[in-house]
Chemist: 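Structure below; questions to follow.
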Amino acid sequence: MIAVLAGGTGAAKFVRGLLEVVPPETLTLIGNTGDDVELWGLHISPDLDTLMYQLAGLLNEERGWGIQGDTFTCLTAIGRYGEPTWFQLGDRDLATHLVRTKWLRQGSSLTEVTAMLCARLGVRARLLPMTDDPVRTHIRTPSGALAFQEFFVRERWMPEVVAIEYRGSERARPAPGVLEAIGAAHGILIAPSNPITSIGPILSIPGVREALAERRDRVLAISPIIGTEAVSGPAGKLMRACGYDVSPLGVARYYAGVAGRILIDEQDADWREAIERVDVRAFTAPLRMTDRAAAIRLARMAVACLHSET
Ligand code: GDP
C-alpha cells in the first residue's frame, strides 16, 4: 500500500505516472481541501476533482483541471446576467458539484460523497479528503486576506503575500481513514505539489504531522522546485513569504519533520550534501513531467526511493 499526500495539478501529473507503476487498488490519495470554495451554492473541491478526474481518465491534462472536451455553456449564460465568471466551471464539471452538494445536504460526509462519486466513475484507487471539516486556506496580503481561489484565480497570484492561514484547521479532524492509511502504508509519498497551499493544509490537521513523523523514514517528498524556481505557479513566492528558500533545500527543510527522504532534480545534485545535513536523505532523478513517459519514469523512481535502504 502507498499513501500519497496530494494537491491538484502537480499531483495529478504525478498520479498519472503512478497508475502505470502500481495497481490502483494499492493507492490511497489524501487530497487537499483547503482550496474548497462555495460558488452558486455548490460545494467545489478543486483538488479532489482534479485527482478524481485523473483517476477516472477524464482529466483535461492540457489545462490540468476540469474534464476533457467539456463545454462552458452554463458559465457563458451566467456571464450574461452580469455575474462574475472568473472561476471557470465546465458543464460536465458542474454535474459533479451539483451531485456532491445534493449528497452533502442529504447528510453524507465529504469522505462518503467522494467515495460515491469515485465509485460511479469506476475509480479503483482510494481518494480521501484530508478532513470532513471546513478548513480554508487564506492568503494575507497588505490589503487584507483573500480566500485561496480569489488569490490564485481571480488575482492571478499577483498580490504581495504577508502570511498564510489555514482557517479552521485547529478544530478539524483527519477524515476517517487518513491516519490509518498513513500508519499502514508501506510508504508515503508527498506529491510534487505546492508545499504551502496544497500540502501545508493537510499537515495542519491535528494528528497528521505526528502520524507522518512516526513514519518519517518511510516518507518521500518529491520536490516541486527545480533549481530556484517552482516548475509552475506560486509555490516559490509562497515559500519565500513563509521564510523558506526557494530551492530543493528549502523544500527539504519545509518537510524535514515529516519526510526523511526527498527526490530532487538531477540538475540539483549539488544540493544533496546540504540536504543531508538537515537529516533528509536526497535522491536525484529528472523531475520534469513533460509527457506521460516522463511521469511514469518519475513515479517508478519515487517508488524505488521508498524501498531503497541506502
Ligand atoms: P494546485 O493545487 O493545482 O496548485 O496543484 P499542486 O499543488 O498539486 O501542483 C502545483 C505544483 O506542482 C507547483 O508547485 C509546481 O511547481 C509543481 N509541478 C508542476 N509540474 C511539475 C513537474 O512536471 N515536475 C515537478 N517536480 N513539479 C511540478
Side-chain angles (χ1 to χ4, degrees), residues 4-18 29-37 44-55 59-66 87-88 127 129-130 135-137 139 147-149 151-153 156-157 161 164 166 189-203 220-242 244 246-248 250-252 254-255 262-268 271 282-299 301-302 305:
V4 187
L5 307 195
T9 54
K13 279 163 85 176
F14 179 68
V15 163
R16 181 194 197 199
L18 204 51
L29 307 190
I30 300 168
N32 169 41
T33 58
D35 298 4
D36 285 16
V37 58
I44 302 170
S45 295
D47 285 356
L48 294 182
D49 290 335
T50 299
L51 296 169
M52 179 173 79
Y53 296 150
Q54 180 65 290
L55 293 169
L59 184 69
N60 181 324
E61 292 186 303
E62 264 157 51
R63 279 207 220 103
W65 55 269
F87 195 84
Q88 298 219 310
L127 175 60
M130 64 188 196
V135 174
R136 297 294 173 261
T137 301
I139 314 290
F148 178 76
Q149 300 299 343
F151 170 77
F152 186 66
V153 184
R156 295 168 204 271
W157 48 283
V161 177
I164 316 292
Y166 307 121
L189 298 171
I190 300 180
S193 286
N194 188 320
I196 310 293
T197 53
S198 289
I199 306 299
I202 305 177
L203 300 179
L220 174 83
I222 299 134
S223 178
I225 306 283
I226 300 179
T228 54
E229 277 175 34
V231 177
S232 59
K237 177 173 186 166
L238 293 166
M239 283 181 68
R240 213 172 287 120
C242 292
Y244 290 89
V246 185
S247 70
V251 179
Y254 182 80
Y255 289 132
I262 189 169
L263 190 50
I264 63 174
D265 193 76
E266 55 189 2
Q267 79 166 58
D268 292 329
W271 285 101
F283 301 84
T284 58
L287 290 198
R288 257 177 237 280
M289 295 174 281
T290 43
D291 56 21
R292 185 164 165 272
I296 295 171
R297 266 198 310 276
L298 177 56
M301 185 67 193
C305 293

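Just so you know, ligand 1 is whichever comes first in the structure, and atom 1 is the first atom listed for that ligand.
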Chemist: Taking non-hydrogen atoms only, is Arg288 closer than 4.0 angstrom to ligand 1 via side chain, backbone, both or neither?
Modeler: backbone

Chemist: Run down the list Ala235, Gly8, Ser232, Ala6 and name the one with the heavy atom closest to atom 6 (P) of ligand 1.
Modeler: Gly8

Chemist: Give the contacting part of Asn32 toward ligand 1: side chain, backbone, both or neither, where contact means a heavy-atom distance below 4.0 Å.
Modeler: neither

Chemist: Run the numbers for me: atoms of ligand 1, each under 4.0 Å from some heavy atom of Ser193, listed by number.
Modeler: 6 (P), 7 (O), 8 (O), 9 (O), 11 (C)

Chemist: Using a strict cut-off of 4.0 Å, indicate which atoms of ligand 1 neighbour a heavy atom of Ala230.
Modeler: 16 (O)

Chemist: Which atoms from ligand 1 have a heavy atom of Pro224 less than 4.0 Å away?
Modeler: 14 (O), 16 (O), 17 (C), 27 (N)

Chemist: Side chain, backbone, both or neither: which part of Ala294 comes within less than 4.0 Å of ligand 1 when only heavy atoms are counted?
Modeler: neither

Chemist: Would you mind checking which non-hydrogen protein atom is closest to atom 25 (C) of ligand 1, with the distance to 0.1 Å?
Modeler: Leu287 O, 3.4 Å

Chemist: Heavy-atom contacts with Lys13 under 4.0 Å: which atoms of ligand 1 show up? List them by number with element.
Modeler: 19 (C), 20 (N), 21 (C), 22 (C), 23 (O)

Chemist: Examine Val231 against ligand 1 and note whether any of their N/O atoms are separated by less than 3.5 Å.
Modeler: yes

Chemist: Parallel, tilted or perpendicular: which describes the rings of Phe151 and Phe148, with under 30° parallel and over 60° perpendicular?
Modeler: tilted

Chemist: If you measure every N/O of Ala11 against every N/O of ligand 1, is any gap under 3.5 Å?
Modeler: yes

Chemist: How far is atom 12 (O) of ligand 1 from the closest protein heavy atom, and which atom is that?
Modeler: Pro192 O, 3.0 Å

Chemist: Among Gly7, Gly34, Ser198, whose heavy atom sits nearest atom 7 (O) of ligand 1?
Modeler: Ser198

Chemist: Does ligand 1 come near enough to Phe152 that some N or O of the ligand is less than 3.5 Å from an N or O of the residue?
Modeler: no

Chemist: Asp47 heavy atoms, cut-off 4.0 Å: which ligand 1 atoms fall inside?
Modeler: 2 (O)

Chemist: When you measure from the side chain of Asp268 to the backbone of Trp271, do you find a donor-acceptor pair of N or O atoms at a distance under 3.5 Å?
Modeler: no

Chemist: For atom 9 (O) of ligand 1, what's the nearest protein heavy-atom neighbour? Residue, atom name and distance, please.
Modeler: Gly10 N, 2.9 Å

